[in-house]
Protein chains: 2
Amino acid sequence: MGRWEPNARGRLARAALVLSAEKGYDATTVAEIAAAAGVTERTFYRYFADKADAIFPDNTGLLVRLSAVVTDAVDAGHNPLDAALTAVQELAMYASQEPERTRLNAQVIPAVPALAGRELLRQRQIADAVSQALSHSGVPALDAQLAAETALGVWRVAVAEWARDAQKGALTDVVASTADAARSQTSRVRLRSPTTSSDVAEARPAGQ
Amino acid sequence: MGRWEPNARGRLARAALVLSAEKGYDATTVAEIAAAAGVTERTFYRYFADKADAIFPDNTGLLVRLSAVVTDAVDAGHNPLDAALTAVQELAMYASQEPERTRLNAQVIPAVPALAGRELLRQRQIADAVSQALSHSGVPALDAQLAAETALGVWRVAVAEWARDAQKGALTDVVASTADAARSQTSRVRLRSPTTSSDVAEARPAGQ
DNA sequence: GTGAGTGATGTCAGAGTCTGACATCACTGA
DNA sequence: TCAGTGATGTCAGACTCTGACATCACTCAC
């Protein structure tokens, strides 16, 4: 064993989230978080750029993973929306690895504008990654953006529902059923395959 | 004339934006902004909740106006996307009333994550307002969301392009041509009217 | 006209965020 | 054994934001 307890970063992140859930993010000081983790305030800032940083999960590798999942889905013949939705399922699996943390995140973040804004920034990174992965797989840029935005909408709705109602079951299940609902609704207004109708004469093959 | 120069709020907002554009938002202190406006730091916080607040335009009335515009467009027979795009045009007209301010905003905000997050929060409010206006006009919820998100995407692209290239002309024109591009692209993948194709048998009438 | 509000601003103190500079000290490897 | 190394502590200070109280031109009864 070293000179200090290991995993100071993990203890700080956990303390930040638990204290923020208990008494509110704004009412929780960095000094308190540091004390709860058994370090000084200065050490907190060696692990996190700012207070908000301790609330958000580390995204290292996530975007790369999502891109890979989307690319695989397109290669497997899925249409853009379905491919984008596989990324959301992957996101759900990531979150499910730490359900308690995800639950606290969903409780703390929407209540604080500064954190909500940061979450939107994170979601935008995800949407951009998914959109670019689709584009690189041959999906036209606008279709790619639309699919990514739609998939992200599914994510927002699913997480909100899951966080609101503990009875809903696993996050991955809520995401799956939300995705199904989105698919069945968009299928009514979006083409799935080329037809002979003059209205859709320019439509491209779905798998392209 | 009163005891103090009138329009302290306006002077503060302008000083905040100009100084942030000159030397960077983070490097600009509230004390400097206040001094440039001829008031004290304390007075700054009587007009703005925080430093970032001075950078963003006042949205009072905007959301109401956008909702009205969207409702009118639907009543006039436009499809959901076109109706949502009228809101974006309205947004462009609002911004065009203060082109210099809009230009500085587009320069300062994306460069600072905290401001970018806040801008996304503002855009989400706009998207929600547009989406709800569409819903209240009879557009199915998911279609309404899709139209609102798409329209907002047009806004983001148009503003970025306008800010990047001063040659592009008026913001309203850039928005108009971007909207046209979006329309022509989405028309290829989205139904505009019912057909007899079995693929679209469930499609609802466009004006509903 | 005069005195009691009123409202925008100033002054002051202090908590909290974040950063730079330097000190400490268990551990590691030559 | 002794000079790094690296994670942490200590200290000072700039900056953000807030509460409490003071100031003072202006206004409105009386």
Side-chain angles (χ1 to χ4, degrees), chain A residues 1-56 58 60 108-109 111-119 121, chain B residues 1-56 58 60 108-109 111-119 121:
Chain A
M1 197 184 92
R3 182 180 176 188
W4 298 280
E5 288 294 315
N7 195 26
R9 184 191 171 91
R11 272 178 289 137
L12 284 167
R14 170 158 189 78
L17 199 47
V18 169
L19 288 175
S20 294
E22 277 175 5
K23 49 186 277 188
Y25 174 80
D26 288 331
T28 303
T29 69
V30 173
E32 288 172 340
I33 295 168
V39 297
T40 63
E41 192 178 320
R42 191 67 187 83
T43 292
F44 175 96
Y45 286 104
R46 291 199 170 97
Y47 286 103
F48 302 102
D50 54 41
K51 189 178 158 187
D53 206 27
I55 299 295
F56 290 86
D58 182 17
T60 307
V108 171
I109 293 175
V112 184
L115 299 181
R118 186 153 173 161
E119 172 65 17
L121 226 42
Chain B
M1 196 183 89
R3 182 179 176 189
W4 298 279
E5 289 296 315
N7 194 26
R9 184 190 169 91
R11 273 178 288 135
L12 283 166
R14 171 158 188 78
L17 200 46
V18 170
L19 288 175
S20 294
E22 278 175 4
K23 48 186 280 189
Y25 174 79
D26 288 330
T28 303
T29 70
V30 173
E32 288 171 340
I33 296 169
V39 297
T40 63
E41 191 178 322
R42 191 66 186 84
T43 293
F44 175 95
Y45 286 105
R46 291 200 172 95
Y47 286 103
F48 302 102
D50 54 41
K51 187 178 159 188
D53 205 28
I55 299 295
F56 289 87
D58 182 16
T60 307
V108 171
I109 293 174
V112 184
L115 299 181
R118 187 152 173 159
E119 171 65 18
L121 227 40

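Order of the sequence lines fixes the chain letters, A, B, ..., with proteins taken first and strands second; residue numbering starts at 1 for each chain.
- The two residues A/T28 and A/L19 have their closest heavy-atom pair at OG1-O, 3.4 Å.
- Contact between the side-chain N/O atoms of B/Y47 and the OP1/OP2 oxygens of C/dA8 is not found at any separation under 4.0 Å.
- A 4.5 Å side-chain heavy-atom check between B/R118 and B/D50 finds at least one atom pair inside the cut-off.
- Not one side-chain nitrogen or oxygen of B/T29 sits closer than 4.0 Å to the OP1 or OP2 atom of D/dC15.
- To the nearest angstrom, P of D/dT23 lies 14 Å from CH2 of B/W4.
- If you take NZ of A/K23 and C1' of C/dG16, they are 13 Å apart, rounded to a whole angstrom.
- Regarding B/K51, its NZ atom lies at a distance of 10 Å from the P atom of D/dC15, rounded to whole Å.
- Atom C1' of nucleotide C/dA8 and atom CG of B/N7 are separated by 14 Å, given to the nearest angstrom.
- Contact annotation: A/Y45 side-chain N/O to C/dC18 OP1/OP2 distance is under 4.0 Å.
- Computed from coordinates, the B/R9 CZ to C/dG7 C1' distance equals 17 Å when rounded to whole Å.
- Of the two residues contacting DNA chain C, namely B/V39 and A/E41, the nearest-nucleotide position lying further toward the 5' end is that of B/V39.
- Comparing atom distances between the A/V30 side chain and each of D/dC17, C/dT17, D/dG19 picks out C/dT17 as nearest.
- Side-chain contact check for A/Y45 versus A/V30: some heavy-atom pair is nearer than 4.5 Å.
- Remark: B/K51 qualifies as a cation-pi partner of B/Y25 under the 6.0 Å distance and 45° angle criteria applied to the six-membered ring.
- No donor-acceptor distance shorter than 3.5 angstrom exists from the side chain of A/R11 to the backbone of A/V39, with no hydrogens or angles considered.
- Separating the CG atom of A/L19 from the P atom of C/dG16 is a distance of 14 Å, rounded to the nearest angstrom.
- Look at CG on A/D26: it is 12 Å from C1' on C/dT17, rounded to the nearest Å.
- Rounded to an integer number of Å, the gap from A/R42 CZ to D/dG9 P is 11 Å.
- Under 4.0 angstrom from either OP1 or OP2 of D/dA7 there lies no side-chain N or O belonging to A/T43.
- No hydrogens or angles were tested; on distance alone, a donor-acceptor pair under 3.5 Å links the side chain of A/R46 to the base of D/dG9.
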